[in-house]
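Below, chain A is the first sequence line, B the second, and so on; all start at residue 1.
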Amino acid sequence: MSRRMRFWLMKSEPDVFSIDDLKREKTTGWDSVRNYTARNFMRDDMSVGDAVLYYHSNAEPSGIAGLAKVVGLAIPDPTQFDKKSEYYDAASKKDSPTWVMVTVGFVKKFPRVISLAELKSDKHLAGMPVTQKGQRLSVMPVSKEHYDRVLELSEGC
DNA sequence: GCCAACGTTGGC
DNA sequence: GCCAACGTTGGC
């Protein structure tokens with residue numbers, strides 16, 4: 001029995017890892033998350049098959065660039081043990097890792113980025129967390145209604 | 001590049 | 001356990 005699938009929004013700076021990078025590599029470990037709320041979503045609430053809106057932050061324009069999906073449950077994030085990584089965490093123990101990552105797979109790139117301005121101005125998306133001021137979470141849940149609306153916007157021109 | 005908003009750290 | 005100081009995020 002699988003429970004109902006969930007919907008997520010995950011942010012990445014396209015200069016670091018864009019939807020095109022994901023398309024080329026097909027899957028990627030969502031490493032380097034160092035926020036407890038985002039970690040808890042990955043660790044506790046994400047399941048294989050969940051749908052992901054792929055959001056480009058610090059971009060021109062910032063916005064939703066395509067779709068991805070969860071293809072692997074949370075596992076320890078190897079960067080926390082890598083002394084050469086800027087995400088190295090000396091306090092994290094191998095037998096009880098602090099940070100985890102899910103594995104994300106490419107689904108599709110939208111024909112255009114749905115910009116944050118457009119998300120904010122769409123009446124159907126009122127209250128969507130990513131449009132709220134000060135919302136910095138890199139992994140956040142999305143309602144089915146908001147997810148479906150974003151798909152509609154991606155298909156329209 | 002600026003800076004508001006937020007999360008984390010650490011002194012007390 | 002409070003909260004000031006600091007670091008980070010990310011829109012603009």
Members other than [X] in its cluster, when Ile, Leu, Val, Met, Phe, Trp, Tyr link by side-chain heavy atoms under 4.5 Å?
X: Trp99(A); result: Tyr36(A)
X: Tyr87(A); result: none
X: Val71(A); result: none

| According to the ring-ring contact (aromatic ring centres under 6.0 Å, His included) rule, which pairs have a member within residues 112-148 of chain A, sequence neighbours left out? | Phe7(A)-Tyr147(A)
| Validation row: Tyr54(A), Ile19(A) side chains within 4.5 angstrom (heavy atoms) | yes
| Which salt bridge (charged side-chain N to carboxylate O under 4.0 Å, His left out) pairs, counting each pair once, include a residue from residues 11-21 of chain A, with sequence neighbours left out? | Asp20(A)-Lys109(A), Asp21(A)-Arg24(A)
| task | State which residues pass salt bridge (charged side-chain N to carboxylate O under 4.0 Å, His left out) with Asp82(A); sequence neighbours excluded, sorted by chain then number. | result | none
Strictly under 3.5 Å: I want the nitrogen or oxygen pairs between protein and nucleotides 5-12 of chain C, one per line.
{"residue": "dT8(C)", "atom": "O2", "partner": "Arg136(A)", "partner atom": "NH1", "Å": "2.5"}
{"residue": "dT9(C)", "atom": "O3'", "partner": "Arg136(A)", "partner atom": "O", "Å": "3.4"}
{"residue": "dG10(C)", "atom": "OP1", "partner": "Lys11(A)", "partner atom": "NZ", "Å": "3.0"}
{"residue": "dG10(C)", "atom": "OP1", "partner": "Arg136(A)", "partner atom": "O", "Å": "2.6"}
{"residue": "dG11(C)", "atom": "OP1", "partner": "Tyr55(A)", "partner atom": "OH", "Å": "2.7"}
{"residue": "dG11(C)", "atom": "OP2", "partner": "Asn58(A)", "partner atom": "N", "Å": "3.0"}
{"residue": "dG11(C)", "atom": "OP2", "partner": "Ser62(A)", "partner atom": "OG", "Å": "2.7"}
{"residue": "dG11(C)", "atom": "N7", "partner": "Asn58(A)", "partner atom": "OD1", "Å": "3.4"}
{"residue": "dC12(C)", "atom": "OP1", "partner": "Lys120(A)", "partner atom": "NZ", "Å": "3.0"}

| said: Does anything in residues 61-78 of chain A form a side chain to side chain donor-acceptor pair (under 3.5 Å)? List the pairs, not counting sequence neighbours. | reply: Arg34(A)-Asp77(A), Asp77(A)-Thr79(A)
| remark: What residues 88-100 of chain A contributes to the DNA chain C interface at heavy-atom separation below 4.0 Å is none
| task | Could you list the residues that satisfy ring-ring contact (aromatic ring centres under 6.0 Å, His included) with Phe81(A), not counting sequence neighbours? | result | none
| message | Tell me every residue that passes ring-ring contact (aromatic ring centres under 6.0 Å, His included) with Tyr55(A), counting only those two or more places apart in sequence or in another chain. | response | none
| query | If you fit an axis to the five pairs at each end of the helix from dG1(B)-dC12(C) to dC12(B)-dG1(C), how big is the angle between those two axes, to 10 degrees? | reply | 10°
